[in-house]
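Comments concern the structure below.
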Amino acid sequence: MSAPTPEVLDLFAVPGAPVPLPGGSGGTHRAGDLVLSPGRDELVQAWLSPVLAHLAVRLDENPARRPRDLRVAMPVPARDGSWVVDGWAASRYEPETVTCRDLEVTLAAGRVLHAQLAAAVRSRPPGLDARDDQWSRAEALAFGPGHAMLAAAAGTPAAGAVRRVEPHLTDLLLGPDQLVHADLAGNVLLDRLGAPVVIDVSPSWRPVGWAEAIAVVDSVVWFGAPLSALCGRSAGPERQALLRATIFRAFADQPFDAAAYAPLLGVIAST
């Protein structure tokens with residue numbers, strides 16, 4: 001993916017020569033003290049960025065704050081007040097941080113974040129229904145009927161995974177819908193004091209259990225978490241969340257790496 005243009009850098013008031021950053025879906029750059037991320041939806045960021053900015057300030061200024069409490073990367077508007085410029089959005093760069101590889105820490109950070117988001121956003125925000133990208137389409141399929149999943153997967157690398165998972169799906173409710181971060185794994189950093197810092201919020205209006213299940217799937221498949229991390233998620237809403245998280249990734253990951261998911265599928269689709 002290309003680098004931010006001079007016009008984008010100018011409106012975000014950062015120097016030229018942006019530096020690509022590793023991780024994520026690619027294309028993220030550091031420019032000065034900002035991180036610039038591509039592919040952002042104007043309608044979504046128009047409500048999401050202010051929510052995250054207020055939350056970041058509230059968490060940082062909490063009188064009872066401890067050094068290792070949750071933080072949220074601060075979104076930064078452009079000079080004209082917009083949150084997105086030619087598809088790019090900005091947040092404050094977090095120096096001296098490392099990606100959190102501990103699943104339990106990631107899940108704990110997510111639970112605090114989701115409690116805060118539930119209090120801050122009480123109804124489905126505008127813009128989510130208008131999204132039409134690979135992630136929103138994958139989410140719709142993950143919560144849709146089985147025949148639609150199977151039809152969409154036919155002839156793709158994800159077909160085998162979807163055929164294994166679909167028979168185990170039920171209509172069991174996963175919990176109430178709320179604003180969640182649907183891409184937690186890899187997007188929780190640890191600062192030099194050990195405080196988790198949430199970045200790159202991928203918003204969905206779904207149950208918290210589903211967002212946590214995505215983090216578990218991603219951690220097992222991509223971040224070295226053991227298969228034992230699936231323990232305790234073998235029945236009830238937890239298992240259904242795990243199955244629907246796997247369906248989501250089967251469609252969202254492009255291309256889908258069937259071999260990488262094989263050990264996970266051997267556990268969750270074996271009964």
Side-chain angles (χ1 to χ4, degrees), residues 23-24 35 37 44-45 47-76 89 91-125 128 135 139 173-220 222-225 229-233 236-238 241-242 244-245 248:
V35 173
S37 302
V44 170
Q45 296 304 142
W47 62 262
L48 178 61
S49 292
V51 167
L52 296 177
H54 288 134
L55 177 56
V57 171
R58 187 165 69 248
L59 290 173
D60 284 349
E61 295 183 349
N62 182 354
R65 175 174 176 76
R66 296 169 297 181
R68 300 185 69 174
D69 284 350
L70 179 72
R71 296 174 51 228
V72 172
M74 173 68 74
V76 177
S91 61
R92 190 70 61 196
Y93 175 68
E94 294 287 342
E96 298 183 73
T97 55
V98 296
T99 302
C100 177
R101 303 286 179 174
D102 187 316
L103 175 58
E104 292 307 315
V105 173
T106 296
L107 293 177
R111 288 166 190 149
V112 175
L113 174 70
H114 290 142
Q116 294 287 336
L117 292 177
V121 182
R122 298 185 178 276
S123 59
R124 185 181 176 93
L128 287 180
W135 298 280
E139 179 184 330
L173 295 178
L174 307 185
D177 290 343
Q178 68 155 82
L179 181 61
V180 297
H181 188 341
D183 195 20
L184 275 169
N187 286 315
V188 176
L189 310 179
L190 297 176
D191 69 14
R192 61 185 179 82
L193 297 178
V197 184
V198 174
I199 64 171
D200 201 15
V201 172
S202 179
S204 289
W205 192 256
R206 294 293 180 181
V208 168
W210 177 69
E212 290 192 0
I214 294 174
V216 172
V217 169
D218 291 350
S219 294
V220 168
W222 302 117
F223 295 109
L230 304 173
C231 295
R233 298 176 182 269
E238 291 80 9
L242 200 62
R244 293 191 185 276
F248 169 74

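These figures come from a predicted structure and were not determined experimentally.
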Please assess Arg233 against Glu212 for the test side-chain contact (heavy atoms from CB on, under 4.5 Å), listing each intermediate value before the final yes or no. CA-CA 11 Å; Arg233 298 176 182 269; Glu212 290 192 0; 3.8 Å; yes

Decide side-chain contact (heavy atoms from CB on, under 4.5 Å) for Leu52 and Val201; before the verdict, give the C-alpha distance in whole Å, the side-chain angles of both, and the deciding distance to 0.1 Å. CA-CA 9 Å; Leu52 296 177; Val201 172; 3.9 Å; yes

Please assess Arg71 against Leu59 for the test side-chain contact (heavy atoms from CB on, under 4.5 Å), listing each intermediate value before the final yes or no. CA-CA 6 Å; Arg71 296 174 51 228; Leu59 290 173; 5.8 Å; no

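The closest side-chain heavy-atom distance from Ile214 to Leu184 is not below 4.5 Å. Residues Pro203 and Leu128 form a side-chain contact, since some pair of their non-hydrogen atoms from C-beta on lies under 4.5 Å apart.
Across all their heavy atoms, Leu174 and Pro237 have their closest contact at CD2-O, 3.6 Å. Smallest separation of non-hydrogen atoms from Ser49 and Pro75: O-CG, 3.6 Å. Across every non-hydrogen atom of Gly175 and Pro207, the tightest pair is O-CG, 3.4 Å. Residues Ala195 and Arg65 come closest through the heavy atom pair CB-NH2, 4.2 Å.
Of the possible polar contacts, none joining the Glu238 side chain to the Gly232 backbone as a donor-acceptor pair under 3.5 Å is found. The main-chain N or O of His114 is never found under 3.5 Å from a side-chain atom of His181 such that the two would form a donor-acceptor pair.
Atom CD1 of Ile199 is separated from atom OG1 of Thr97 by 7.5 Å, given to the nearest 0.5 angstrom. Remark: Ser204 OG to Arg124 CZ distance equals 8.5 Å, nearest 0.5 Å. Taken to the nearest 0.5 Å, the OG atom of Ser202 stands 5.5 Å off from the CG atom of Asp183. Separating the CD atom in Gln178 from the CZ atom in Arg122 is a distance of 10.5 Å, to the nearest 0.5 Å. Atom OG1 of Thr106 is separated from atom CZ of Phe223 by 8.5 Å, given to the nearest 0.5 angstrom. From Trp210, atom CH2 reaches atom CG of Asp177 across 10.0 Å, with rounding to the nearest 0.5 Å.
The only member of Val35, Val188, Asn187 that meets side-chain contact (heavy atoms from CB on, under 4.5 Å) when paired with Asp200 is Asn187. Each of Asp60, Val121, Leu117, Leu70 was compared with Leu55 under the side-chain contact (heavy atoms from CB on, under 4.5 Å) criterion, and only Leu117 meets it.
Summarising the local packing, CZ of Arg58 is surrounded by more than 12 heavy atoms from other residues, nucleotides or ligands at distances under 6.0 Å.
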